[in-house]
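Encoded as structure tokens, the structure appears first; notes follow it.
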Amino acid sequence: MSEPAPESATEGTQVARPKKILGMRVTPLTRRRLYSFKANRRGYWSFWVFLVLFFLALFAEVIANDKPLMVQFKGTYYFPVVKIYPETVFGGDFKTQAEYREAEVQKLITGTGGWILWPPIRYSYGTVNFSLKQPAPSPPSGENILGTDDQARDVLARVIYGFRISVLFGLILTVLSSIVGIAAGAIQGYFGGWTDLLFQRFIEIWSSMPTLYLLIILASVFQPSFWLLLGILLLFSWMSLVGVVRAEFLRTRNFDYIRAARALGVNNITIMHRHVLPNAMTAALTFLPFVLIGSVTSLTSLDFLGFGLPPGSPSLGELLAQGKANLQAPWLGITAFVTLALMLSLLIFIGEAIRDAFDPRKTMV
């Protein structure tokens with residue numbers, strides 16, 4: 001019985017010419033996958049909604065900031081959002097950074113015919129609102145749309161910055177863990193034998209370790225930071241794709257075209273990269289959105305327990321902890337819950353659409 005041909009091969013004797021989509025040439029197989037992805041309307045629109053939200057969050061400093069976007073003073077334009085100016089530039093007495101929210105500084109600028117262009121939200125993630133009419137946490141108002149937390153910081157601004165940090169952290173961790181996991185699974189599946197056996201025993205021991213307890217211990221010993229948490233979580237998150245890639249390499253390594261490549265003297269690295277990995281990536285790509293979800297929830301869990309990002313950092317997990325500690329301020333817990341539920345739901349729907357796109361039983365012909 002002959003083995004199946006590689007996935008990239010086209011059926012029949014005629015080979016269809018690749019067409020262009022957005023100026024790029026794509027194969028008929030890729031084009032069918034794109035059509036199948038678009039056919040899943042829930043996942044397709046979730047992808048665009050998530051893309052828009054993430055794009056806006058990337059420019060959080062332009063949307064929510066306690067510094068103006070632009071200041072016009074005596075015919076000169078200043079950009080406080082990207083550069084620090086002392087108060088003396090605007091005729092003040094202090095050489096320290098100008099506090100643009102203070103009425104005195106605003107009067108210095110506008111009193112000479114100048115003007116100030118503010119972002120839509122005049123608070124950054126760490127800006128304290130000293131003009132609250134009631135003790136913090138204060139309920140939603142016209143000035144603070146989602147209210148303030150227990151330190152009088154604007155909740156909406158912290159949600160925007162926290163969303164960006166969570167997604168960026170998840171994306172970086174997903175990429176790094178995928179690289180390590182795919183490489184490990186490829187080595188196991190391609191070489192097999194003792195290499196596969198020893199690697200499997202190591203993964204069984206490593207995966208049986210109490211991950212959460214180790215993360216808490218390491219995070220409590222070392223000073224927490226973005227990159228330190230990334231490295232700690234990478235130690236345990238790379239195993240999620242090993243099994244899928246290993247199974248695909250074990251299935252493919254004895255195909256006729258792989259044997260032919262070996263007989264022609266092609267080295268193992270070239271065979272793995274050029275002939276086996278494309279088939280394994282089909283299965284791995286379907287898991288990436290779910291790996292991203294796990295990365296985001298891991299950071300949120302550590303922040304909720306107090307072992308995550310440094311104190312004061314915008315964090316959805318820290319906002320959840322504040323909601324738990326301030327039951328008299330339900331807007332804190334509700335905001336964090338809705339934000340996390342929306343983000344994770346969008347990622348799940350996107351993952352389902354990607355899974356359908358790479359499923360040969362559902363790919364449209």
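Within the 3.5 Å criterion, the main-chain N or O of Ala329 finds no donor-acceptor partner in the side chain of Asn326. A donor-acceptor distance shorter than 3.5 angstrom exists from the side chain of Ser46 to the backbone of Arg42, with no hydrogens or angles considered. Side-chain N or O atoms of Glu61 include none that pairs as donor or acceptor with a backbone N or O of Val81 at under 3.5 Å. Using modelled atom types, one side-chain atom of Thr112 and one backbone atom of Ile109 make a donor-acceptor pair closer than 3.5 Å. No donor-acceptor pair under 3.5 Å is formed between the side chain of Arg164 and the backbone N or O of Phe59. Remark: the backbone N or O of Gln134 is not paired with any side-chain donor or acceptor of Ser138 at under 3.5 angstrom.
Within 6.0 Å of CD1 in Ile84 there are 12 or fewer heavy atoms belonging to other residues, nucleotides or ligands. Enclosure of atom CZ in Phe287 is not indicated, since only 12 or fewer non-hydrogen atoms of other residues, nucleotides or ligands lie within 6.0 angstrom. For Trp48, the CH2 atom is loosely surrounded, since the number of other residues' heavy atoms within 6.0 Å does not exceed 12. Shown here is Ile269, whose CD1 atom has no more than 12 heavy atoms of other residues, nucleotides or ligands within 6.0 Å. For CZ of Arg274, the number of neighbouring non-hydrogen atoms (other residues, nucleotides, ligands) closer than 6.0 Å is 12 at most. Around CH2 of Trp118, the count of heavy atoms belonging to other residues, nucleotides or ligands within 6.0 Å exceeds 12. The local environment of OH in Tyr125 is sparse, with at most 12 non-hydrogen atoms from other residues, nucleotides or ligands closer than 6.0 Å. The number of heavy atoms from other shown groups lying within 6.0 Å of CZ (Phe94) does not exceed 12.
What you find for Asp303 and Gly317 is that their closest heavy atoms are CB-CA, 3.8 Å. In terms of heavy atoms, Leu171 sits closest to Leu292 at N-CD1, 3.4 Å. Nearest heavy atom pair, residue Phe226 against residue Leu309, reads CA-CD2, 4.0 Å. Considering every non-hydrogen atom in both Ala184 and Phe199, the closest pair reads CB-CZ, 3.9 Å. Residues Ser166 and Leu299 come closest through the heavy atom pair CA-CD2, 4.2 Å. Among all heavy-atom pairs drawn from Ser295 and Thr174, the shortest one is OG-OG1, 3.6 Å.
When only modelled atom types and interatomic distance are considered, Thr270 and Asn267 share a side-chain donor-acceptor pair under 3.5 Å. There is no side-chain donor-acceptor pair under 3.5 Å between Glu87 and Gln97. Using modelled atom types, one finds no donor on one side chain facing an acceptor on the other under 3.5 Å when comparing Asn129 with Asp154.
Two residues are said to be in side-chain contact when any heavy atoms from C-beta on lie closer than 4.5 Å; Thr127 and Asn65 fail this criterion. With contacts defined as side-chain heavy-atom distances shorter than 4.5 Å, the pair Pro314/Ile165 qualifies. With contacts defined as side-chain heavy-atom distances shorter than 4.5 Å, the pair Met239/Glu204 does not qualify. In this structure the side chain of Ile182 never reaches within 4.5 angstrom of the side chain of Trp238, judged on heavy atoms. The side-chain heavy atoms of Arg101 and Tyr123, taken from C-beta on, include a pair separated by under 4.5 Å. In this structure the side chain of Asp196 never reaches within 4.5 angstrom of the side chain of Ile187, judged on heavy atoms. In this structure the side chain of Ile160 never reaches within 4.5 angstrom of the side chain of Leu56, judged on heavy atoms. At a threshold of 4.5 Å between non-hydrogen side-chain atoms, the residues Met272 and Leu277 do not count as touching.
Note that CZ of Arg253 is 12.5 Å distant from CD1 of Ile271, once rounded to the nearest 0.5 Å.
Between Glu104 and Lys107 there is no salt bridge, since no side-chain nitrogen of the basic residue lies less than 4.0 Å from a carboxylate oxygen of the acidic one. Using a 4.0 Å cut-off between charged side-chain N and carboxylate O, Lys324 and Glu318 make no salt bridge. Between Asp66 and Arg122 there is no salt bridge, since none of the side-chain N atoms of the basic residue sits less than 4.0 Å from a carboxylate O of the acidic one. Electrostatic pairing of Lys133 and Glu143 does not count as a salt bridge here, judged by no charged N lying under 4.0 Å from a carboxylate O.
Ring orientation note: the planes of Tyr190 and Phe249 are nearly perpendicular, at an angle over 60° on the 30°/60° scale.
Phe73 has its ring centre no less than 6.0 Å from the ring centre of Trp115. Remark: aromatic rings of Phe349 and Phe50 are distant, center separation not under 6.0 Å.
Residues Leu346 and Phe55 fall within the same hydrophobic cluster, defined by Ile, Leu, Val, Met, Phe, Trp and Tyr side chains chained together at heavy-atom separations under 4.5 Å. Leu214 and Phe202 fall within the same hydrophobic cluster, defined by Ile, Leu, Val, Met, Phe, Trp and Tyr side-chain heavy atoms under 4.5 Å apart, directly or through other members. No path of Ile, Leu, Val, Met, Phe, Trp and Tyr side chains, each step under 4.5 Å between heavy atoms, connects Val167 with Phe337, placing them in separate hydrophobic clusters.
Leu156 pairs in a side-chain contact (heavy atoms from CB on, under 4.5 Å) with only one of the listed residues (Thr335, Thr148, Asn144, Leu146), which is Leu146.
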